[in-house]
Structure formats: structure tokens, C-alpha cells
Amino acid sequence: MQFSIQEKDLIRRITNHIRQKLELQVILTATAAELRSFLEVDRVKICKFNPDGSGQVIAESVDNNHLPSVLGLIFPGDEIPPKIRELYVKVRVRSIVNVDTKEIGQSALYNSETEETISKEIRYRSVDPCHLEYLTAMGVKSSLVLPILHDEQLWGLLACHHSQPRSIPESEVETMQMVVDQLSIAIAQSTFLNQAPERATREATIKNIVTLLHSLSSIEFQPALAQAVIAFGGSAGRLCIRNEALALQDGYVKSFADCLEASSNHLKVYAYGKQPVMPELAKYPLIEQYSIWQEHYKSHNYDVWAISDIYQIHELRFLQVALQSTKIRSILMIPLLYRQELLGYLSIFRDDVEKETLWAGESDPDRRQLYPRQSFNAWRESKKTQPREWTVEEIELADEIGKQFAFAVHEHALHQKLHTLNTNLKSQVQEGKTKLQQSTKLQQALLDVVANIQACVDLDTIFQTAIKQVCQLLQAERVSVRRFFTDGSDEFSSDFEVASPEWSNLSLLGINTLWNDTYLQKTQEEPDRNNEAFAVDDIYKIGFIPSDIEILDQYHIKAFAIAPIVVGEKLWGLLAAYQHSQPRHWHSSEIKFLSQMAAQLGVAIQQAELIARSRQQANALQNATQQKQALLRVFTKMRQSIHFPTQNTEFEDF
């Protein structure tokens with residue numbers, strides 16, 4: 001199709017505006033002015049559709065002497081039926097209305113089946129009466145409307161209005177179509193240019209969060225959370241993850257899901273801004289513990305959940321109560337997923353806003369599409385506490401930020417585990433070193449006792465030295481050697497005893513005191529026990545009979561360990577260590593040392609008894625020798641005093 005010089009100049013001027021990369025608003029306003037001048041009509045307006053389907057006039061050129069301005073006014077979305085919107089997108093239909101002739105002409109740009117560009121003449125038919133009344137209410141006699149598309153979506157409309165009847169030739173329709181095509185290019189260009197700073201801002205936000213989470217010497221969850229909240233224009237936010245200090249229990253690591261079901265102590269929450277306040281009688285103290293989140297993600301499709309209005313979701317009624325003291329209206333719930341494992345929740349809260357809308361004529365929702373508007377006088381509608389929709393770009397940003405937080409949480413958990421392992425390793429090394437030192441001290445004490453036994457025959461000295469060493473090395477509050485009476489009864493008494501200073505004023509446990517001991521009775525009645533050592537960490541948890549507890553309470557005994565002192569095959573007595581102040585856990589090495597010390601004392605007793613018997617035998621032999629020598633002296637004197645005949649030699653050999 002051939003274009004006139006004026007048409008070519010129009011397209012060139014509009015193209016130059018676009019090439020100069022001017023602001024889209026400037027391009028649209030200039031285009032409207034150029035078109036109105038070219039077509040010589042009373043009004044050219046460009047309307048952009050909002051996400052809710054309504055449309056707003058964002059650019060306009062108008063002859064105020066003939067038609068009023070509608071710039072900035074918003075038209076309800078239901079004024080354009082869905083069927084017409086579908087035609088706008090599929091076949092790029094252009095519509096021409098002549099109010100006086102009551103005709104509407106439509107021209108399709110594309111074949112909806114082959115998606116090829118077609119050139120059809122304008123086909124006219126009778127226009128709907130409601131449409132005529134709608135245009136009449138605006139003072140319009142002639143109308144031409146073309147759809148503006150961007151990314152295969154209906155972006156807006158270009159409309160030309162005239163207050164008088166006017167014929168519109170096909171050439172004008174094609175010229176306006178070229179203008180619309182240029183506007184689509186301008187919109188794409190503007191979108192790209194606008195996305196550049198948005199991408200830069202987004203990248204800067206992610207970079208700051210990455211720095212806080214990964215690049216510093218420590219993971220800074222709190223500042224990163226604050227940065228995330230600010231990036232979304234939020235008022236508050238939360239990061240809920242496992243409490244690593246309590247995650248390792250019962251021999252396995254609790255997952256985040258396990259921690260949600262456990263007490264809130266198993267969770268670590270970082271908070272920024274004013275937080276929900278759960279009622280005192282609430283089932284859970286943390287919002288993340290409620291099942292709505294688990295139910296939403298039970299399919300393991302862990303996408304960002306953008307909740308524009310919490311008051312429209314019945315399952316969030318528990319949170320509605322908690323948020324009554326705040327202005328929070330929207331939530332962006334971001335699950336933190338690492339290798340298909342849920343590690344936590346990052347939630348962003350956003351307050352409600354006051355929304356003001358300048359409508360084109362009085363809006364009556366109950367009468368829309370039933371009757372045409374009687375007037376297009378602008379009126380202002382103010383709505384308070386309105387939610388803000390989460391945009392696609394914000395959801396994409398949330399997904400990227402969630403990945404960074406998830407990796408940081410995983411890294412944090414690894415660091416915590418490594419720190420715990422290192423701490424445990426150091427503790428084990430120190431414990432092993434302490435045990436080795438303690439074992440060395442215990443063995444040295446045994447060697448000292450053995451040396452004393454070899455060097456000293458004084459049993460009292462050996463016992464006193466031994467029990468002092470036992471008391472000091474075991475850090476016991478009292479140690480005693482208790483010997484059975486020789487009559488074989490179950491009663492016994494203490495012969496040697498030492499106590500720590502704070503318990504030294506307590507009367508000795510056994511001297512001049514007789515008492516029964518269930519353990520001793522069983523030991524003597526069961527010879528197969530092999531005289532084992534025995535320890536009680538807490539006398540109230542071992543199952544003693546009341547009479548035994550009564551005796552132990554009398555002497556303030558809370559825990560004790562005893563080892564048999566065996567001489568030969570006979571139970572001679574006991575070496576006992578006591579705790580008076582509180583129960584005590586006796587380590588196996590301590591019980592073993594007590595048993596070894598008792599064995600050495602048994603050796604000392606046996607050695608002392610052998611020495612005693614040897615001395616008794618030596619004394620008996622010495623006495624016999626002395627008695628024989630005394631008899632010889634007596635007989636010698638008797639012989640000297642008695643005279644016998646010399647021939648009688650019978651007694652000479654006496």
C-alpha cells in the first residue's frame with residue numbers, strides 16, 4: 001500500500017522520537033499530538049491496562065472546545081467484554097464506530113488460524129445500542145480504536161474520538177496501524193531500558209546479601225534479613241531455621257521439619273521489624289510451626305508463596321489474630337531448599353496501603369454492563385488498608401534471594417557441626433589426657449602402697465597412708481577401712497578413716513558403732529560373687545530397703561563405692577569411699593583403683609599376719625631354747641652337788 005508524504009512524515013517523526021530513546025511517556029504524549037494533528041480529530045488518547053483489567057488514560061491530545069479531557073482517569077475492566085479483548089489479541093481487530101449511522105466497522109490484521117498478516121476491507125454492521133449510548137455519554141460521534149500489544153499481551157488501546165460524524169478511510173486505519181506498531185517498539189524499548197536499572201538494583205541487592213551471607217568471616221543472617229526486607233519494600237521479615245545446638249539428639253540430626261514439630265527451642269528465628277504477636281493460648285509460639293505451611297508444601301513443590309492479602313485465606317486465621325496490632329497485610333513466604341531438603345523459611349511482610357483511584361464517571365458495580373454511563377465526570381475514590389500485589393519481578397527476586405539464604409543456612413549448619421566436632425574432639429583429647437594423668441596418679445599411688453608394704457611392717461601406718469592417698473586422688477569426702485569382727489557376724493566397725501575438712505566434724509562412721517549392711521550380707525551369702533567391687537551413685541535410686549536408707553541418711557551418705565579386702569580366701573573387710581554433699585557418678589577407673597588398692601591392703605594384711613606368725617614362732621623357739629638351757633643349768637648344778645661312786649659310770653653321760 002502506498003503512503004502519502006504526510007503519512008510518511010508522521011511515521012518518521014514518531015520513529016525519531018523512539019530512536020532518541022526518550023521516556024515512554026514523552027513518546028506517547030508526542031504520538032497522541034502528532035496523530036490528532038494529522039487526523040484532525042478532537043481527541044486522541046492512549047489507554048494502558050492494569051493487572052486487574054481496568055484501564056487508565058496515560059497520554060492524550062484533546063481539543064477542549066469540543067471534547068473534555070479524560071487524562072488520568074481509570075475505566076473499569078468490565079467495560080470491555082472478554083470476547084472483544086480476545087479479538088484484540090488474536091486477530092488484532094480494529095474497530096470504527098459511526099454514532100449517527102449506528103454502524104461499527106471491524107478490520108482484522110491477522111488470520112487467527114494461519115497467524116498470517118491479511119489485508120481485508122472494513123466490514124460494517126449494526127453497533128450494539130449500549131455501545132452507542134456509551135459513546136454518546138462521552139460526547140463522541142466517531143471513534144477508531146486499535147489494540148496495542150506487547151509480548152503477545154494486550155498492553156493498551158489507541159483511540160481516536162471526534163465530536164462530529166466522520167468517515168474513516170482504510171488508509172487512515174493502516175496509517176494508525178503503523179503508528180501502533182511503532183508504539184509497540186517504543187514500549188518494548190522502554191521496558192528493556194527500565195529493566196536495566198531494575199536489574200542493576202536487583203543485582204546490587206543480591207550482591208549485598210551474598211556479601212553478608214558468604215563473603216565475610218562469619219555469616220551475618222540478621223543484616224542479610226534486613227537487606228532482603230528493604231529490597232521488597234517490606235515492613236518486617238523473619239528467618240526461621242534449625243537451632244543447631246539442639247538439632248543433634250538421640251544419635252541423629254533432626255531435620256527442619258522435625259524441629260517444627262518439636263518445641264520452639266529447636267528453632268532459631270531472626271526477626272526484623274514489628275513481628276506478629278501470638279496469643280498466650282496459641283498452640284504454637286512461632287508462626288512457622290503451624291501446619292498451613294507444611295500443607296501448602298506437602299507436594300514438595302517449594303515455590304515462593306506470594307500472599308497478597310492474608311485476610312482472604314481462611315487457613316491463616318491464626319495469623320490474622322497475631323497481626324491485628326500491625327498493618328501487615330501481605331506475606332512473601334520463601335522456602336529455603338538445598339538439594340531437595342527444606343532448611344527453613346524466609347518470610348517478608350508488607351503493610352497495607354491507602355489507594356486512591358480517579359474514576360471516569362461514577363462507578364456502580366451492581367449496574368456495570370447493564371446500563372451505559374450517564375456521565376463521565378471524574379470522581380475520586382479513596383480506599384484505605386488495601387493490599388499490594390506481589391509482582392512477577394519480586395517473586396523472581398525472592399526465588400534468587402531464597403537460594404542464597406538456603407546455601408548460607410546449609411553452610412552455617414556445616415560450620416556448626418564442624419565446630420561441635422572440634423569441640424568434642426578437644427574435649428575428648430582433654431578428657432583422655434586428664435584420665436591418663438589420673439591413671440598415672442592412681443598407679444603411682446598403688447606403687448607407693450606396694451613400696452610401703454615392702455618397706456614397712458607397721459600395718460597402721462600402711463592403712464593411714466593408703467586411705468589418705470585414696471581420699472585425695474578420688475576427691476572423696478570420706479574414706480575408711482572397715483574390718484569385720486572375728487566372731488563372723490554381719491556387723492562391722494571402722495578402724496581407719498579420713499575425711500575432707502568440711503566433713504571432718506562428722507562422727508566416724510563405724511568406730512564403736514554397729515550396723516547391718518545388705519550388700520555385705522549378700523556378699524558373704526553368695527561366695528560366687530568373687531568379692532567384686534560395688535558402687536552406688538545415688539542411694540535413693542538403687543533400690544535399698546528403708547532401713548538401709550535410714551542408716552545412710554543418719555551419716556549423710558549420698559553415694560559410696562566399696563571394694564573388698566580379701567586375705568587369702570577370706571573377706572577381711574572393706575575399703576570404702578563416701579560422698580556426703582550430693583550423689584556422684586563413680587567412673588570405672590575409680591572403682592578399679594579402689595579395688596586394686598583394697599587388694600594391696602589385703603596383701604599388706606597377709607604379709608603382716610605372716611610376719612606376726614613368724615615372730616610368734618621365733619619367740620616360741622627362743623622360749624623353748626631358753627627353757628632347755630635353763631634345764632641344763634639346773635641339772636649341771638644338781639650333778640655337781642651329788643657324789644656318786646667312781647665305779648658307777650651310769651650317769652656320766654647325762
Side-chain angles (χ1 to χ4, degrees), residues 51 202 206 209 213 221 224-225 228-229 231-232 234 236-244 246-247 249 252-264 266-271 275-276 278 282-323 328-350 387-414:
R202 173 176 172 174
I206 295 175
I209 291 176
L213 294 177
F221 283 122
L225 172 63
V229 172
F232 291 100
R238 293 166 66 88
L239 172 65
C240 181
I241 59 178
R242 293 183 309 182
N243 184 352
E244 295 297 332
L246 297 178
Q249 285 189 349
Y252 71 97
V253 179
K254 288 183 179 292
S255 66
F256 177 69
D258 292 334
C259 291
L260 287 172
E261 296 179 0
S263 68
S264 58
H266 289 78
L267 298 169
K268 175 68 174 178
V269 176
Y270 297 87
Q275 298 295 307
M278 302 303 296
K283 183 178 180 181
Y284 298 110
L286 302 178
I287 65 172
E288 292 82 3
Q289 290 182 280
Y290 285 83
S291 60
I292 181 174
W293 317 113
Q294 287 70 47
E295 286 294 321
H296 183 77
Y297 292 115
K298 65 181 180 181
S299 64
H300 300 287
N301 182 20
Y302 292 103
D303 292 333
V304 176
W305 188 8
I307 304 172
S308 297
D309 190 349
I310 62 170
Y311 296 102
Q312 298 300 318
I313 300 180
H314 177 70
E315 291 79 0
L316 282 176
R317 57 191 178 279
F318 73 91
L319 191 56
Q320 296 168 7
V321 176
L323 292 176
I328 294 174
R329 190 68 175 269
S330 307
I331 298 178
L332 201 60
M333 180 58 72
I334 308 170
L336 306 182
L337 199 67
Y338 184 83
R339 295 185 181 274
Q340 302 305 312
E341 180 186 1
L342 182 64
L343 302 181
Y345 289 127
L346 172 64
S347 51
I348 307 295
F349 302 130
R350 199 150 67 181
R388 291 170 55 193
E389 296 288 336
W390 299 101
T391 66
V392 174
E393 293 75 16
E394 288 174 329
I395 295 174
E396 291 175 352
L397 177 60
D399 185 66
E400 182 62 31
I401 289 177
K403 292 176 182 178
Q404 297 299 329
F405 269 91
F407 183 74
V409 171
H410 174 72
E411 187 179 13
H412 174 70
L414 290 180

Are any of the side-chain nitrogens in Arg238 or Glu288 under 4.0 Å away from the carboxylate oxygens of its partner? yes

Between Gln320 and Ile310, is there a donor-acceptor pair closer than 3.5 Å when you use the side chain of the first and the backbone of the second? yes

Starting at CD1 of Ile209, measure out to CD1 of Ile401 and round the result to the nearest 0.5 Å. 3.5 Å

Describe, in one word, how the ring planes of Tyr302 and Tyr297 are oriented to each other, choosing from parallel (under 30°), tilted (30 to 60°) and perpendicular (over 60°). parallel

CG on Leu343 to CD1 on Ile241, rounded to 0.5 Å: 9.0 Å

From CA spacing to verdict: side-chain contact (heavy atoms from CB on, under 4.5 Å), Ile331, Leu319: CA-CA 11 Å; Ile331 298 178; Leu319 191 56; 3.2 Å; yes

To check you understand the geometry: which heavy-atom pair defines the closest contact between Leu332 and Ala398, and what is its length? CD2-CB, 3.6 Å

Answer yes when Arg202 and Glu400 have at least one side-chain N-carboxylate O distance shorter than 4.0 Å, and no when they do not. no

Which heavy atom in Ala236 sits nearest to a heavy atom in Gln275, and how many Å separate them? CB-NE2, 3.9 Å

Can you tell me if Arg242 uses its side chain to pair, donor with acceptor, with the backbone of Cys259 under 3.5 Å? no

Under a 4.5 Å cut-off applied to non-hydrogen side-chain atoms, are Tyr338 and Val409 in contact? no

Could you state the interatomic distance from CG (Leu342) to CD (Gln294), rounded to the nearest 0.5 Å? 8.0 Å

Within a strict 4.5 Å, meaning less than it, do heavy atoms of the Glu341 and Phe256 side chains meet? no

How many angstroms lie between atom NZ of Lys268 and atom NE2 of His412, to the nearest 0.5 angstrom? 8.5 Å

Rounded to the nearest 0.5 Å, the CG atom of Asp303 sits from the CD1 atom of Ile395 at a distance of 9.5 Å

Gln289 side chain near Met278 side chain, heavy-atom distance below 4.5 Å: no

If every non-hydrogen atom of Phe221 is compared with every non-hydrogen atom of Leu213, which pair is closest and at what distance? CD2-CD2, 3.9 Å

Heavy-atom closest contact (Gly402 atom, Ile334 atom, distance): CA-CG2, 3.7 Å

Once rounded to the nearest 0.5 Å, what's the spacing between atom CG of Leu346 and atom OH of Tyr270? 13.0 Å

Stepwise side-chain contact (heavy atoms from CB on, under 4.5 Å) check, Trp390 with Arg350: CA-CA 10 Å; Trp390 299 101; Arg350 199 150 67 181; 3.3 Å; yes

With a cut-off of under 6.0 Å to the ring centre and 45° to the axis, is Lys403 in cation-pi contact with Phe407? no

Pick one: which of Leu336, Ile287, Leu260 meets side chain to side chain contact (heavy atoms under 4.5 Å, CB included) with Tyr345? Leu260

